[in-house]
Protein chains: 2
Amino acid sequence: MKLKDFAKLVGMSATTVSRALNGHPEVNAQTRARLIAAARQHGYQPNAHARFLAMGHASTIGCVIPIGGRNEIVNPIYADFLAGVGEECARRRFEINLTVVPEEEQPDAYRALSSKGLIGGVIVQFPRHDDPRPALLDRIGLPYVVHGRVTGHDGPYSWVDVNNQRAFQRGTEFLLQLGHRRIALINGDERLDFARRRRDGYLRALADAGVGADPALMASGEMTAAYGYAQARRLLGGARPTAILCAATMIATGVRQAVEEAGLVLGRDLSVLTFDDDLSYYANREAVPVFSAMRSPVRVAGARCAALLIDRITGGPGDPVQELLEAELVIGRSTAPPA
Amino acid sequence: MKLKDFAKLVGMSATTVSRALNGHPEVNAQTRARLIAAARQHGYQPNAHARFLAMGHASTIGCVIPIGGRNEIVNPIYADFLAGVGEECARRRFEINLTVVPEEEQPDAYRALSSKGLIGGVIVQFPRHDDPRPALLDRIGLPYVVHGRVTGHDGPYSWVDVNNQRAFQRGTEFLLQLGHRRIALINGDERLDFARRRRDGYLRALADAGVGADPALMASGEMTAAYGYAQARRLLGGARPTAILCAATMIATGVRQAVEEAGLVLGRDLSVLTFDDDLSYYANREAVPVFSAMRSPVRVAGARCAALLIDRITGGPGDPVQELLEAELVIGRSTAPPA
DNA sequence: CTGAAAGCGCTTACAG
DNA sequence: CTGAAAGCGCTTACAG
């Protein structure tokens, strides 16, 4: 059904119906209520393309997923993030356009989506410390929100981030207070901005406590169980740490396996504290969680990114907005004073 | 830049430019080549909404992800599937619309996406044995392709599936040939169609070999490491099986942990054969893989679903098409004759 | 508070 | 092989 048909059906002009459905103030409140009810009843929905065309901007958020690069983003964290974006979009009546492209074609993809009018803005995911995307998007003139931060980018931009530095600083301090002195860090890829901030927090806490950092206790790579397992084996083979900070629950899972295979007991012989993205699929949420964790839901971050981006798309230009989420320190069964 | 401007720029009418860019046969091959090159050079891209409006159908595939239901689909398998869909869409110049809705609102979401003209068709994911979506979509008149099958649905429909029954039958036969007689099955949720077919294949192989099925050796639930771990502990505590079939690598990972914790050696004391969706994030791809597996890439399935759906959307009605993929039986280090 | 008309940027019969 | 014109289904100044 199209607007004209529906307008005839309810005995109003198309103009009035359109205004009522879009919540314009000119139309009588009773009329509006009646028309909205009638639309639902008859299942009338305005054609989105005609709408976008007439309004001049797409009510659509772009998510561009690079593929086949070194940081394969097709990962569980991305799925939960998208769920958060989706929830906010549903609330605000926005759509999500998902594009999968080889990493080197990302700039072209942004340009194409923008000039085709398919999206009103994009969310930039997994930014690197010196990520070129904000500068590119500024040049194209496409609104964006960064999930995380791009330290190397000049000028203001909107972002949503969790306070990674503080989380890892607090986490390290917690382990220090328990009496640990040999604390290892199994970090994500440190070309990624958030991974650097995490390392900074860890180093800051050690320095504040007068504990020297040992490069042999620091690793940086993929956030997978396999990587956690391999690094834990390496660490257990050498001058053993008494505690390990992990950048992701998947890493911690690998660490746990290595610990158990070595005949050690988690939380007694070796403490593990992990960053927990609170993924719906990898629950660490029992009354007393398996892993002590710095927990921050990536799903909430997705929703907030979408919220800020939609504000920018609908509100026109204006000062960029930043939002810093704090991680909780949740104590579970994997931490204790050193044996 | 819009068509009119671009047409003026190259000294042609908008009509001719449009036809050239859309590959219509009427336009001179030289002219076409010249116009295509010029479009790329000047960065002209037709506005997608105007295009959809004029053409009458959206070149967009809908992916509707239910959330918060019993089968939380926000999972690693979904991410790889989407990557496959995205690859095919990129090739065919289609877009992906991603919608996240509570499970009970799924029918409304389909109707809304369809009547807003946002999508040309949808992919139905994780179908249940008696899934109501095909019937609903038939009623709405929205083209669709099912990833998997809906045994309970009357009438023809398009689907792409892996031969789950044969995979599990072959897998079970392989274990039987090694000499196993007590073979357990840790399956996915058996309300899902594919899980039933897997169980059927397992039971058929046992029956063909004259081996009785033992309900105590069969489990069905979430495809997570936690579930695999819990079920493996249960199985190891009772009259122990000598081999376990798993419905997912994540389950197998949990089983492996339970096996190792029990002081047993995988592939010597207990054989494990798993269905492997070949996720990019959970590689089981070494020269000699950790897990012996029935392997079928879910990413390829995503690409094939997209291909069939795009054919249906652009080709108009016609007989539904089915595509059955076969899983490979890949032998790794987790299977051997019983001790 | 309501409506007739123009315009958003394309595609595609129709006419040449 | 090419072009002028109508039409896709909306929204929104403009006029009442």
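Proteins get letters first, then strands, A, B, ... in listed order; numbering begins at 1 in each.
- Contact record, A:V146 with A:P127: CG1-CG, 3.7 Å, taken as the closest heavy-atom pair.
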Quick one, give me the B/S/- string for nucleotides 10-16 of chain C, reading 5' to 3', where B means a protein heavy atom under 4.0 Å from the base and S means that only happens at the primed atoms, P, OP1 or OP2.
BBBB---
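- Side-chain atoms of B:T314 come within 3.5 Å of backbone N or O of B:I310 as a donor-acceptor pair.
- For the side chain to side chain donor-acceptor pair (under 3.5 Å) condition, the pairs that include at least one residue of residues 24-49 of chain A, sequence neighbours left out, are A:H49-B:H49.
- The closest side-chain donor-acceptor pair between B:T151 and B:D193 falls under 3.5 angstrom.
- Of the possible polar contacts, one joining the A:S115 side chain to the A:R111 backbone as a donor-acceptor pair under 3.5 Å is found.
- Minimum interatomic distance between A:C305 and A:H147 (heavy atoms only, all atoms of both residues): SG-CB, 3.8 Å.
- If you take atom C1' in C:dG16 and the same atom in C:dT12, they sit 16 Å apart, rounded to whole Å.
- Between B:C63 and B:Y78, the closest heavy-atom pair is CB-OH, 3.7 Å.
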Criterion side chain to side chain contact (heavy atoms under 4.5 Å, CB included) on A:E323 and A:L325, from CA distance to verdict
CA-CA 6 Å; A:E323 210 166 287; A:L325 310 173; 4.3 Å; yes
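- Both B:L53 and B:N28 sit near DNA chain D, but only B:N28 has its closest nucleotide nearer the 5' end.
- One interatomic measurement links the two molecules: CZ of A:R34 to C1' of C:dT2, which rounds to 13 Å at whole-angstrom precision.
- Atom CG in A:L35 sits roughly 13 Å away from atom C1' in C:dC1 (whole-Å rounding).
- Distance B:H57 NE2 to D:dG9 P: 14 Å, rounded to the nearest Å.
- Whole-Å rounding puts the B:M12 CE to D:dA4 P distance at 11 Å.
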Note, DNA chain D 5' to 3' with Watson-Crick or G-U pairs under 3.5 Å encoded as ( ), [ ], | and . gives |||.||||||||.|||
